[in-house]
Amino acid sequence: MDDGYAMIDLQNKIKGYGVLHGHAWCVSESKEIITLEISEDISLSPEHLPLVGYGCGGWLFKQEQTINIISIDSLLNFIVVEFSYFKKNQLTYLPSVTCSCSDL
């Protein structure tokens with residue numbers, strides 16, 4: 001990643017976080033779904049994610065794990081590809097919730 005950094009763990013489930021193009025991101029896996037969150041707030045550190053849609057606005061991408069992520073390089077490639085969609089404004093934007101869920 002030329003414009004950022006990443007911390008990745010592939011031991012049991014995919015999880016990681018980092019910064020790319022100034023935006024904090026986190027990636028995780030649950031029940032065969034890979035989720036990538038990108039924070040709108042560039043002052044937010046990636047260690048504070050996941051918060052997209054609740055604590056901060058940002059972009060969310062979910063995909064069934066149909067790709068074979070067996071290495072850090074393949075996961076980083078996945079993240080870079082999704083960031084290309086982000087830069088083209090092709091990911092779903094979620095605004096921050098500003099009230100408790102019970103108020104909705």
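Since we're looking at a predicted model, the values are computed, not measured.
Qualifying side chain to side chain contact (heavy atoms under 4.5 Å, CB included) partners for Ser28, counting only residues two or more places apart in sequence or in other chains: Thr35. For Asp41, the side chain to side chain contact (heavy atoms under 4.5 Å, CB included) partners two or more places apart in sequence, or in a different chain, are Ser39, Ser43, Leu44.
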key: Verdict with reasoning, Phe83 to Ile38, per side chain to side chain contact (heavy atoms under 4.5 Å, CB included)   = CA-CA 9 Å; Phe83 257 86; Ile38 304 169; 3.9 Å; yes
Residue pair Trp59, Glu37: steps toward the side chain to side chain contact (heavy atoms under 4.5 Å, CB included) verdict = CA-CA 6 Å; Trp59 295 266; Glu37 295 188 23; over 6 Å; no
request  = Step by step, work out the side chain to side chain contact (heavy atoms under 4.5 Å, CB included) result for Ile34 and Val27.
outcome  = CA-CA 7 Å; Ile34 297 174; Val27 65; 3.8 Å; yes
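For the atom pair Leu60 CG and Leu36 CG, the distance stands at 8.0 Å (nearest 0.5 Å).
In terms of heavy atoms, Ser45 sits closest to Ala24 at C-CB, 4.0 Å. In terms of heavy atoms, Gly18 sits closest to Pro46 at O-CB, 3.2 Å. Taking all atoms of both residues into account, the shortest heavy-atom contact from Trp25 to Val19 is NE1-N, 3.3 Å.
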Solution key, residues 85-93 side-chain donor-acceptor pairs under 3.5 Å, sequence neighbours excluded:
unit_1: Tyr93; atom_1: OH; unit_2: Glu40; atom_2: OE1; d: 2.7
unit_1: Tyr93; atom_1: OH; unit_2: Glu40; atom_2: OE2; d: 3.4

